[in-house]
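This is the structure I have questions about; it appears just below.
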Amino acid sequence: MKSLTKLGALVLPLALLTGCASHTHTLSDISDIQAVKDHFGRVEAHVGKIEAHLLQVENTANTALTTARSAQASADEANAKVNRMFHKAMSK
């Protein structure tokens, strides 16, 4: 989001300087600047949606990791139990 703001802060003055180089500002120039602002507004909205989606993905990944760790712990316990039973059977 910050990089998008920085990009907007860079592009907008360049657009203004381009218009100022001719020293004449027409309604078209103002319309173009407004179009750029509108476009960046839409881009920021999309970035916000992407950030929200990435948070959901991160939460899902964290849940999957927790589940995998739990499954690994259960498998380790079962493996240890089988090993104990095997060694007990072998010692008879």
Side-chain angles (χ1 to χ4, degrees):
M1 188 83 141
K2 289 182 181 181
S3 62
L4 189 59
T5 305
K6 288 179 184 178
L7 180 63
L10 176 67
V11 171
L12 190 58
L14 288 176
L16 289 173
L17 286 174
T18 302
C20 292
S22 64
H23 296 288
T24 58
H25 297 286
T26 64
L27 188 56
S28 175
D29 294 334
I30 294 169
S31 173
D32 290 344
I33 292 169
Q34 189 59 45
V36 169
K37 285 181 180 180
D38 292 343
H39 179 72
F40 276 109
R42 289 190 301 274
V43 169
E44 284 179 333
H46 287 295
V47 168
K49 289 178 184 178
I50 291 169
E51 286 174 336
H53 182 69
L54 287 176
L55 285 175
Q56 290 175 343
V57 170
E58 182 179 21
N59 289 336
T60 301
N62 286 336
T63 300
L65 181 60
T66 300
T67 303
R69 285 181 176 159
S70 177
Q72 181 66 49
S74 295
D76 289 344
E77 287 177 26
N79 190 33
K81 184 177 180 180
V82 168
N83 281 341
R84 285 192 303 274
M85 289 170 40
F86 175 76
H87 287 296
K88 186 176 181 181
M90 292 301 289
S91 67
K92 288 186 178 182

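The model shown is predicted, which means the values in this text are computed figures rather than measured ones. Along the sequence shown, residues are numbered consecutively beginning with 1.
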Inset, instruction - Nearest 0.5 Å please: distance from the CZ atom of R84 over to the CG atom of N79. - result: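 Answer rounded to 0.5 Å: 10.0 Å.
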How long is the straight-line distance from OG1 of T67 back to CZ of R69, given to the nearest 0.5 Å?
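It comes to 11.0 Å.
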Q: Enter the distance from M90:CE to H87:NE2 here, rounded to the nearest 0.5 Å.
A: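 Reported value, rounded in 0.5 Å steps: 9.0 Å.
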Short side-chain to backbone donor-acceptor contact, S70 and T66, under 3.5 Å:
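Flag not set: sc S70 to bb T66 has no pair under 3.5 Å.
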What distance do L54 atom CG and N59 atom CG have between them, rounded to the nearest 0.5 Å?
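Going from the CG atom of L54 to the CG atom of N59 covers 11.0 Å.
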So how far is it from R42 CZ to D38 CG, rounded to the nearest 0.5 Å?
->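 The distance works out to 6.0 Å.
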### Spatial distance of atom CD (E58) from atom CD (E51) [nearest 0.5 Å]
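Rounded to the nearest 0.5 Å, the CD-CD separation comes to 12.0 Å.
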